[in-house]
Every structure is written in C-alpha cells, then in structure tokens.
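First the structure, in the form of structure tokens, and then the observations on it.
Numbers here simply count residues along the sequence, with the first being 1. Since this is a predicted model, take the numbers as computed values, not measurements.
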Amino acid sequence: MEYVIFLLIALVAVFVISYRNSSGEKVYKYISTNAESIYGKYAPYSYKEVRKKVKELGQDYTKKQYLIQASVFAAGAAVVTYLYFYSLIVSIIYAAIAVSVIPYLQYLRCKRIYSEFIFEQIQVYTTNVIMEFATTQAFVKALEGVYESGVLEDPVRSDVKLMIDMAYDNGTVDESIKFFNKKYDFYIVKNTHQLFLQITNEGSKNSSDALENMSQDIDMLVEAVYRDRIDRATFHKKFLTFGVILYLMVMLVQFLLSPESYIQLVNSNILVKLLLHLIIIINTYFLLNGEKFYNENVGAE
C-alpha cells in the first residue's frame, strides 16, 4: 500500500513539473511576447519614485488591503501545506514564507501600474504635440503649447519643459529629441519626432496628411495596447486559477486512498516529504515567474 501511495504522489509531481515545463512555458511566452510586440521601453527608475507615483494615482493598497492580502496568503498557505503534511509547524513556516512574498508582488504591481501610466502619458504627449504642430508648424512652439495646456503629468511634463529649455539653449531641437527618445524609448515617440524633423527640414507646406496618418497610427497602437491589456488580465486570472488547482493535485491521492495510509506514509518516509516539498516549491516558482512576466514585462518592446 505504501508503494502505491508513493507512486501516486510521484505521478502527481511528474504531472505538475511537466505541466509547468510545457503549458506553463506557453503561458509565460504568451504573456511576454504579446507585451513585447506592443509596449515600449521607458527609462530606468527607482522603486521609490514608482511607489510615489502609484500613491499619487490613488492605486496603492491601503493598510486594510495589505492586511487582508497577508491574511489570505497566510491562511491559504497554511491550509494547503497542512493538507500536504498534516504538521502545524510546517504550515506555520509556509505561511510566514507566503507573507514574506507580498512585498515582491507589490513591487511588481507598482512597476506595472507605472508602466501603464507612462504609456498613457506618451499617448497624450504624441497626440497633442501633433495637433499643436499642425497649427504652429514649429516643434518648440508645439512643445510649449502642450506644456502650458496642463494635459501632461510628471515625470513626462517636467521632461517636456527640459526639452524646451534645451532647445532654446542649443538653438536646435536635435539634443532635445535625442534626450526624449532615449528616456522614453517608444516607437511612436521616435516616429513622431522623425516626422517633425522631416517636415521642418524639408519645409513642407502641406503636412496635414502626414500628421493625420501619424495620428491614426497612434490611435491604432493605443487600441491594440488596451485590447492586449484586457486579454492579459483575463488570461492572468485563468493562469492563477490553474496554479491554485495544481497545489491541490495531491489531494486526489487522499481521495483515492485512505487518509490514514497517506498520513502514515508521509510521517514515515522522508523521500515522500521531499517530493511533496518539491511539488510546492516548483509550482510556487512558476507562479512567481508568471506574475513577473505579467507585471514587469509590459515595458518591453
């Protein structure tokens, strides 16, 4: 009987590992490749700045929400691991580990929110500069119009002001454009700036069609980004659901066999315990990697 139980647990472990190495990789590849094809990179930033902006946006968790999250993580980890090992000590240890992961998840969440905020600001910047440029036919004047309109928020607004100052100090917009392109490495930023330079250098008097086409390209990109964001959120929920279900796969062993036999084997066989720990660790590792891809890689292009 003990060998049968051990074999069933081993089969569960093999299933979890093989699922994570096959379907799991597809999950992460789906998340990362879709994000990489749409979103653009933005300059490195400190977590302190990111957290401050998330608070300003009103999207930071409250103390009550943090407490609820910690309680759910601790309770979930304790219940699952108790059903694995029937040991209160082991459950407490795993509960503490689960709570310790929360700051890392919050870090990833803040970076995602900040990334989405930056993209929205870039959308506003490019769209409004195009409209201002269509009227003024001067890049610096267009920047001044967008800056004074108040449609932008920091840090993009401050960087636009810096672009204006650099343009007046240098007598040219080249350095301003290089600065902004480097800090906000989006295709729409580079393409928009390139269009402005082309129109300015060639002295085109009829640039309305080119500017209108650029506006339509931006609208199409933004639509694709928000559609991808919805798809990613839906897929993320399914990903977490299946991850939780995999934690409970070992419960099938106890339903198929008597709980007494299972407990006896777990308490008497160190190899079974190691196998159960391996199942938890592997599943948790891939869940955390999935969260990393979902929250962090939205800034890749």
Q: Sort and list the pairs that fulfil ring-ring contact (aromatic ring centres under 6.0 Å, His included) and have at least one residue in residues 135-156, not counting sequence neighbours.
A: F139-H193, F139-F196

Q. So K52 and E49, salt bridge (Lys or Arg N to Asp or Glu O under 4.0 Å) or not? Walk me through it.
A. CA-CA 5 Å; K52 180 180 178 181; E49 294 173 343; over 6 Å; no

**Q.** L248 with V79, same ILVMFWY side-chain cluster at under 4.5 Å
**A.** yes

Q.
Any heavy-atom pair between the side chains of Q194 and N191 that's under 4.5 Å?
A. no

Q | Joint cluster assignment, V146 & V140, ILVMFWY side-chain distance < 4.5 Å | A | yes

Q | Residue pair Q106 / Y66, side-chain donor-acceptor N/O under 3.5 Å | A | yes

(Q) Quick one, I188 with D217, criterion side-chain contact (heavy atoms from CB on, under 4.5 Å). Give me CA distance, side-chain angles, the key distance, then yes/no. (A) CA-CA 8 Å; I188 56 174; D217 290 342; over 6 Å; no

Q | Pairing of R227 and D231 as salt bridge, 4.0 angstrom limit | A | no

(Q) To check you understand the geometry: which heavy-atom pair defines the closest contact between C110 and R51, and what is its length? (A) SG-CD, 3.8 Å

Q. Are any non-hydrogen side-chain atoms of Y94 and S87 less than 4.5 angstrom apart?
A. no

Q: Identify the heavy atoms of A95 and A77 that sit nearest to each other, and give their distance.
A: CA-CB, 3.9 Å

(Q) Is the distance between the ring centroids of H236 and F293 under 6.0 Å? (A) no

Q: Decide yes or no on side chain to side chain donor-acceptor pair (under 3.5 Å) for Y247 and T284, but give the supporting numbers first.
A: CA-CA 9 Å; Y247 278 123; T284 302; 2.5 Å; yes

Q. Would you say V72 and I97 are hydrophobically clustered, going by side-chain heavy atoms of ILVMFWY under 4.5 Å?
A. no

Q. Rounded to the nearest 0.5 Å, how far apart are CD1 of I177 and NZ of K190?
A. 13.0 Å

Q: Return the minimal non-hydrogen interatomic distance between Q123 and T127, and the atom names on each side.
A: O-OG1, 2.8 Å

Q) Is L246 close to L287 at the side-chain level, that is, under 4.5 Å between some pair of heavy atoms? A) no

**Q.** Pairwise side-chain contact, K53 with I113, heavy-atom cut-off 4.5 Å (strictly under)
**A.** no

Q) What heavy-atom pair brings N128 and V124 nearest, and what distance separates the two atoms? A) ND2-O, 2.7 Å

**Q.** Between CD1 on residue I92 and CG on residue L88, distance to nearest 0.5 Å
**A.** 4.0 Å

Q. For Y61, is the NZ or CZ atom of R109 found under 6.0 angstrom from the centre of its six-membered ring and inside 45 degrees of the ring axis?
A. yes

Q | Nearest-0.5 Å distance, CE of residue M214 to OG1 of residue T192 | A | 4.5 Å

Q.
Hydrophobic cluster membership, with links at side-chain heavy-atom distances under 4.5 Å among I/L/V/M/F/W/Y: are I93 and F85 in one?
A. no

Q. For K178 and D174, what are the C-alpha separation, side-chain angles and deciding distance, and is it a salt bridge (Lys or Arg N to Asp or Glu O under 4.0 Å)?
A. CA-CA 6 Å; K178 287 181 181 178; D174 293 344; over 6 Å; no

(Q) Classify the ring geometry of F119 against Y226: parallel below 30°, tilted from 30° to 60°, perpendicular beyond 60°. (A) perpendicular

Q) Can you find a heavy atom in the side chain of E153 that is under 4.5 Å from one in the side chain of F117? A) yes

**Q.** CA sep, side-chain torsions, deciding dist, call: V173, M163, side-chain contact (heavy atoms from CB on, under 4.5 Å)
**A.** CA-CA 8 Å; V173 298; M163 289 178 69; over 6 Å; no

Q: Keeping the roles fixed (side chain from N267, backbone from I263), state whether a donor-acceptor pair exists under 3.5 Å.
A: yes

Q) Nearest 0.5 Å, what's the CG-NZ distance between L278 and K273? A) 16.0 Å

Q: Considering non-hydrogen atoms only, spot the tightest contact between A74 and V99 and give its length.
A: CB-CG2, 3.8 Å

Q: Determine, stepwise, if the pair L143 / E132 fulfils side-chain contact (heavy atoms from CB on, under 4.5 Å).
A: CA-CA 8 Å; L143 291 178; E132 291 285 342; over 6 Å; no

Q: Please examine the side chains of V160 and L152, heavy atoms only from C-beta on, and report whether any two atoms are closer than 4.5 Å.
A: yes

(Q) Using the rule that Ile, Leu, Val, Met, Phe, Trp and Tyr join whenever any side-chain heavy atoms are under 4.5 Å apart, tell me whether L240 and I68 fall into a single cluster. (A) no

Q) So how far is it from L105 CG to N295 CG, rounded to the nearest 0.5 Å? A) 8.0 Å

(Q) side-chain contact (heavy atoms from CB on, under 4.5 Å), that's the test. Do Y184 and D159 meet it? Break it down for me. (A) CA-CA 10 Å; Y184 301 99; D159 290 331; 2.5 Å; yes

Q: Just do the salt bridge (Lys or Arg N to Asp or Glu O under 4.0 Å) check on R229 and E120 with the steps written out, would you?
A: CA-CA 13 Å; R229 187 181 299 179; E120 291 170 358; 3.5 Å; yes

Q. Is atom CD1 of I89 surrounded by more than 12 heavy atoms (other residues, nucleotides or ligands) closer than 6.0 Å?
A. no

Q: Drop me the distance from M131's CE to T136's OG1, to the nearest 0.5 angstrom.
A: 12.0 Å

Q | Non-hydrogen side-chain atoms of F180 and V156 separated by less than 4.5 Å | A | yes

Q.
Ring centroids only, cut at 6.0 angstrom: are Y294 and F239 within range, meaning strictly under it?
A. no

Q) Heavy-atom distance under 4.5 Å between the side chains of L276 and I280, does that happen here? A) no

